[in-house]
Each structure stands twice: as C-alpha cells, then as structure tokens.
Amino acid sequence: MGEKLYDQIYQLLRQIPVGHVTTYGALANQIGCTARTVGFAMAALPKGNDVPWHRVVNYQGRISPRSNGHGSLVQKKILITEGIVFNADGRIDLKLYAWNFMR
DNA sequence: AGGTTGACAAAGG
DNA sequence: GCCTTTGCCAACC
C-alpha cells in the first residue's frame, strides 16, 4: 500500500476530538517525516475534505500564516467555536489542548 | 540533476 | 516576546 504520506497525516488528524489541537512537529514525529512535510500536506489538502485541518497549529501555539492569506483568521474562528481559548497574544496553551497520539 | 519554495522547529540575539 | 538563522524534507520547475 502504498498510501502515501499525506494520507497518514490526514488519518491522524481525524483522531483529534473537538476541543483539542496538535502541532506540525508532533504529527511529523508520529509519521516519521518532518514538520515541513506536514505543512506541505496541509497546503495540498483539497477543499471538501473531512479532515480537521484547523486543529493544527505550530509549536508556539500560534496559527501559521498561510500563503492563501486570510485563511488563518478563519481557522482561529473555528477553533474558538470548538471551545479553544486564545491568549492576548493570539496564542493557545498547548499544555491544555495538545492531543497526545500515543495512548 | 540542480535550485527554489513552503500552513515548520529549534536555537540564538 | 520579536526577529533572524539553520536544518529539515517533499513538491515543483
């Protein structure tokens, strides 16, 4: 099978329940690739997908600016809807919301 | 086959 | 806390 790298990333993403997030590095570590690759997979994500891409933030707990532009604002809005609280700096506390894949 | 680009991470200033 | 540099790896030209 050669289902690819990207599908593995999407699979893991679907495991994350509402109210939790993960980082690019954590995903990369689980799959065995690098954070850059995960970011690339997000960019390659098609539109009508069932993947909760909005639950992925960078290691600072901050939403990475996309090349697309305003998309990051949309992501923040969705996260707030799901119950995630942002600090004054526009960051979230990973200690509270980070999802642990190894169980 | 080589060089550039990215929704990154880690370390340093 | 902000910005810069370095390392990383896959996709694209």
Side-chain angles (χ1 to χ4, degrees):
Chain A
M1 341 257 306
E3 275 314 304
K4 342 332 112 262
L5 219 46
Y6 287 11
D7 274 331
Q8 293 183 35
I9 296 174
Y10 303 149
Q11 239 1 299
L12 285 174
L13 233 48
R14 293 191 190 98
Q15 293 181 27
I16 304 177
V18 174
H20 289 271
V21 298
T22 190
T23 64
Y24 296 91
L27 280 171
N29 193 30
Q30 287 300 308
I31 297 168
C33 62
T34 63
R36 284 232 181 238
T37 305
V38 175
F40 226 50
M42 294 299 102
L45 201 53
K47 220 171 177 190
N49 56 70
D50 56 334
V51 179
W53 55 270
H54 50 271
R55 290 175 195 153
V56 185
V57 297
N58 62 23
Y59 77 112
Q60 301 178 84
R62 196 159 232 216
I63 299 186
S64 301
R66 303 161 46 249
S67 13
N68 195 23
H70 51 287
S72 53
L73 277 304
V74 176
Q75 179 175 1
K76 181 176 180 181
K77 183 170 176 129
I78 297 174
L79 290 177
I80 292 175
T81 300
E82 295 192 347
I84 307 250
V85 178
F86 283 76
N87 298 335
D89 296 330
R91 306 188 198 179
I92 65 182
D93 191 344
L94 290 176
K95 295 281 192 186
L96 298 177
Y97 303 117
W99 178 251
N100 185 10
F101 286 108
M102 343 203 171
R103 334 196 51 229

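Order of the sequence lines sets the chain letters (A, B, ...), proteins ahead of strands, with each chain counted from 1. The basis for the numbers below is simple: all heavy atoms, side chains too, and nothing from hydrogens, waters or symmetry mates.
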If I compare all heavy atoms of A:F101 with all of A:L12, which pair ends up nearest, and what's the gap? CE2-O, 3.4 Å
If you round to the nearest 0.5 Å, how far is CD1 of A:I63 from OG of A:S72? 6.5 Å
How many angstroms lie between atom CD of A:Q11 and atom CD1 of A:I9, to the nearest 0.5 angstrom? 11.5 Å
Once you round it to whole Å, what is the distance between P of B:dA7 and NE2 of A:H70? 14 Å
OH of A:Y59 versus P of C:dT6: gap in Å, rounded? 16 Å
Can you confirm whether A:I84 sits close enough to A:R55 that some side-chain heavy atom of one is under 4.5 Å from a side-chain heavy atom of the other? no
Of all heavy-atom pairs between A:A41 and A:Y6, which one has the smallest distance, and what is that distance? CB-CD1, 3.7 Å
Whole-Å gap separating P (B:dA9) and CE (A:M42): 12 Å
With a 4.5 Å heavy-atom cut-off, do A:L79 and A:H54 have their side chains touching? yes
With a 4.0 Å cutoff (strictly under), does any side-chain N or O of A:S67 reach OP1 or OP2 of B:dG6? no
Rounded to whole Å, please give me the gap between CD1 in A:I78 and C1' in B:dA7. 14 Å
Answer whether the closest heavy-atom distance between the side chains of A:Q75 and A:V57 falls below 4.5 Å. yes
Figure out the OH/P separation between A:Y24 and B:dA10, and round it to whole Å. 14 Å
Atom pairs and distances, side-chain donor-acceptor, residues 18-34 of chain A, under 3.5 Å, sequence neighbours left out:
from, atom 1, to, atom 2, distance (Å)
A:H20, ND1, A:Y97, O, 3.3
A:T23, OG1, A:A26, N, 3.1
A:T34, OG1, A:T37, OG1, 3.2

Pairs: protein N or O with nucleotides 1-5 of chain C N or O, under 3.5 Å:
from, atom 1, to, atom 2, distance (Å)
C:dC2, OP2, A:R91, NH2, 2.8

All N/O pairs under 3.5 Å across the protein-nucleotides 8-10 of chain C interface:
from, atom 1, to, atom 2, distance (Å)
C:dC9, O4', A:T34, OG1, 3.0

